[in-house]
Amino acid sequence: MAKILFLDDDVSTLQLMKMAADVLGHQIVTATCVSEAIQLAGSQTPDLIFADLGCLQDMEGNAFIHQFCHSATIEGVPVIIVSAGWSGDDAQRVEKNGHCCFMNKPVTMDQMDKTVKKYVQSASRP
């Protein structure tokens with residue numbers, strides 16, 4: 001079982017991601033804004049983070065990726081950038097800058113399962 005933090009400003013998307021992760025047997029933590037996600041990442045120690053770029057209010061996508069993914073709070077935690085509106089070039093830039101991967105929305109249960117298996121080395125917790 002992995003502990004997964006989902007960052008998304010859309011409540012219905014969070015509910016779907018939570019249901020999928022629950023069916024797959026994972027523990028779920030959710031946040032609807034960047035500051036909340038960073039705080040929860042520090043207190044909850046997730047194994048993996050799915051972060052939606054739609055949560056941005058006044059920050060450009062690349063600035064968000066740099067600030068969030070390089071935060072000391074989540075250093076070493078794999079971050080999956082999720083968005084409905086980015087192109088293949090954007091996805092390559094995300095991966096080139098050291099972030100695990102980019103996924104287009106909607107994320108399927110199969111994609112989530114494969115991603116968790118790929119990026120969470122030791123998902124069991126005491």
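Below, each value reflects all heavy atoms present in this structure, side chains not excepted, and no hydrogens, waters or symmetry copies. Along the sequence shown, residues carry numbers from 1.
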Nearest heavy-atom pair of Asp52 and Ser83: which atoms, and what distance?
OD1-CA, 4.0 Å
Among the clusters formed by ILVMFWY side chains lying less than 4.5 Å apart, do Met19 and Val82 turn up in the same one?
no
For the residue pair Thr108 and Asp110, confirm or rule out a side-chain donor-acceptor distance under 3.5 Å.
no
Do Met109 and Val107 land in one hydrophobic cluster if side-chain heavy atoms of ILVMFWY residues count as linked below 4.5 Å?
yes
Atom pair CG (Asp113) and NZ (Lys118), whose distance is rounded to the nearest 0.5 Å:
13.5 Å
d(Gln111 CD, Ile80 CD1) to nearest 0.5 Å is 11.0 Å
With a 3.5 Å distance limit and no angle check, can you tell me whether Lys3 reaches the backbone of Gln44 through a side-chain donor-acceptor pair?
yes
Which atom names give the shortest non-hydrogen contact between Asp47 and Pro78, and what distance separates them?
O-CD, 3.2 Å
Matching residue for Ile49 among Val29, Leu40, Val77 - test: side-chain contact (heavy atoms from CB on, under 4.5 Å):
Val77
For Lys105, does the NZ atom sit with more than 12 other heavy atoms under 6.0 Å from it, leaving out its own atoms?
yes
Do you know which two heavy atoms are closest between Thr13 and Asp10, and how far apart they sit?
OG1-OD2, 2.6 Å
Do Tyr119 and Val116 share a hydrophobic cluster, counting only Ile, Leu, Val, Met, Phe, Trp and Tyr and linking them when any side-chain heavy atoms are less than 4.5 Å apart?
yes
Tell me, do Thr115 and Phe50 make a side-chain contact under 4.5 Å, heavy atoms counted?
yes
Considering all heavy atoms of both residues, which atom of Ile28 and which atom of Ala21 are nearest to each other, and what is their separation?
CG1-CB, 3.6 Å
Taking atom CG of Leu14 and atom OG1 of Thr30, what is their separation to the nearest 0.5 Å?
5.5 Å
I'd like to check the salt bridge (charged side-chain N to carboxylate O under 4.0 Å, His left out) partners of Asp22; sequence neighbours left out, ordered by chain and number.
none
Taking all non-hydrogen atoms of both residues, which atom of Phe6 and which atom of Met112 are closest, and how far apart?
CZ-CE, 3.8 Å
Does any non-hydrogen side-chain atom of Met17 lie less than 4.5 Å from one of Asp8?
no
Contact summary for Ala41 and Pro46, nearest pair of heavy atoms:
O-CD, 3.4 Å
Separation of Leu48 CG from Leu5 CG (nearest 0.5 Å)
9.0 Å
